[in-house]
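Have a look at the structure below before the remarks.
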Amino acid sequence: MSVFMFEQQPEDLRFYVKQLATEAVQKSEPSAWFDVLYTEAKGDTAKIPWAKLTPHPYLT
């Protein structure tokens, strides 16, 4: 099991987030992708790579 939560996400989600971030940087708005990701997720935590809704095992 990887300690990097992002690596546990499906490949298409990783690609999508990377694409959003790349486009935002190209527009000189490096954090704009963050709002887009949350808006498009519409509350679906499966679409947010870091939303685990449980504490990390090392914390418990």
Side-chain angles (χ1 to χ4, degrees):
M1 179 180 204
S2 173
V3 294
F4 298 103
M5 290 185 228
F6 191 70
E7 291 179 3
Q8 297 172 3
Q9 298 298 317
E11 182 66 28
D12 57 338
L13 180 58
R14 287 195 303 256
F15 177 78
Y16 177 64
V17 171
K18 185 176 180 179
Q19 181 182 12
L20 285 177
T22 300
E23 290 172 5
V25 168
Q26 290 172 348
K27 294 177 184 176
S28 297
E29 298 176 358
S31 62
W33 67 272
F34 190 80
D35 290 332
V36 173
L37 183 67
Y38 272 95
T39 299
E40 291 184 1
K42 297 179 182 175
D44 183 358
T45 58
K47 294 181 181 180
I48 307 297
W50 48 84
K52 299 300 178 192
L53 305 180
T54 58
H56 190 280
Y58 291 139
L59 286 175
T60 58

Going by atom type alone, with no hydrogens or angles, which donor-acceptor pairs under 3.5 Å involve a side-chain atom of residues 29-36 and a protein atom two or more places apart or on another chain?
residue : atom : partner : partner atom : Å
Trp33   : NE1  : Pro30   : O            : 3.2

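When all heavy atoms of Ala46 and Leu13 are compared, the pair lying nearest together is O-CD2, 3.6 Å.
A distance of 5.0 Å separates CG in Leu37 from CH2 in Trp50, rounded to the nearest 0.5 Å.
Residues satisfying the side-chain contact (heavy atoms from CB on, under 4.5 Å) test with Gln19, not counting sequence neighbours, are Phe15, Tyr16, Glu23.
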